[in-house]
Amino acid sequence: MGRGTEAFPDLGEHCEHEDCSQLDFLPFTCDGCNKVFCLEHRTYKGHDCPNAEQHSRIVVVCEDCSMSMDKMAGEEAAAILERHRSSGSCDPARKRKAKCPVKRCREVLTFSNTSTCHVCNLRTCLRHRYATDHGCKPLLRLPPAARNGMACRDKNSSLPHSPPSIRAY
């Protein structure tokens with residue numbers, strides 16, 4: 001079958017799938033079998049590529065700790081999981097997600113729905129982000145005398161005073 005149309009013979013290619021042969025102006029070349037396909041048949045599964053396993057990545061996920069491991073060609077998933085569990089890196093405590101500490105709130109804390117209170121530094125969900133909503137107790141603040149004079153300068157200090165930076169006329 002020729003390429004392109006009568007007006008533009010070098011434009012586009014026909015899909016090499018046996019049932020398709022559609023003229024596609026933006027064809028895809030499979031990196032497994034080096035054949036040309038249309039949008040519908042461009043995936044390994046779409047055209048039943050015989051070399052799909054050479055270029056694809058298959059991952060096995062542990063149900064205990066949610067860790068993922070790469071599966072190599074010819075390996076069984078059960079053998080990978082057994083090796084993972086016996087290695088000592090399987091920790092079921094890692095599977096638990098952080099939850100909002102407010103009583104009777106079951107919201108899982110994620111990147112987009114977490115707020116940190118500026119008063120007590122407690123991480124809560126967005127529903128309980130205000131101090132009145134999570135029973136905020138302020139952190140213990142040190143009195144000015146216990147701060148070692150770092151925050152405030154004593155009037156009787158022996159340090160030289162700098163001249164004012166702005167003069168009032």
Single-linkage hydrophobic cluster, 4.5 Å side-chain cutoff, Phe28 and Phe25 together: no
Contact summary for Thr43 and Gly46, nearest pair of heavy atoms: OG1-N, 2.9 Å
Heavy-atom check, side chain of Cys38 versus side chain of His17, under 4.5 Å: no
Taking every non-hydrogen atom, the tightest pair across Ser68 and Val59: CB-CG1, 3.3 Å
Step-by-step side-chain contact (heavy atoms from CB on, under 4.5 Å) determination, Arg127 to Glu107: CA-CA 9 Å; Arg127 189 178 304 144; Glu107 187 75 26; 4.3 Å; yes
Shortest non-hydrogen separation from Val60 to Ile80 and the atoms involved: CG2-CD1, 4.2 Å
Distance-minimising heavy-atom pair for Thr124 and Leu109: C-CD2, 3.6 Å
Stepwise salt bridge (Lys or Arg N to Asp or Glu O under 4.0 Å) check, Glu75 with Arg83: CA-CA 12 Å; Glu75 272 188 311; Arg83 186 174 55 230; 3.1 Å; yes
Test applied, side chain to side chain contact (heavy atoms under 4.5 Å, CB included); reference residue, His134; option that passes from Pro101, Cys120, Ser115: Cys120
Heavy-atom closest pair, residues Cys30 and His47: SG-NE2, 3.5 Å
Worked verdict on Arg85 versus Asp64 for salt bridge (Lys or Arg N to Asp or Glu O under 4.0 Å): CA-CA 9 Å; Arg85 288 185 184 118; Asp64 297 334; 3.1 Å; yes
Shared hydrophobic cluster, Leu81 / Met67 (ILVMFWY, side-chain heavy atoms < 4.5 Å): yes
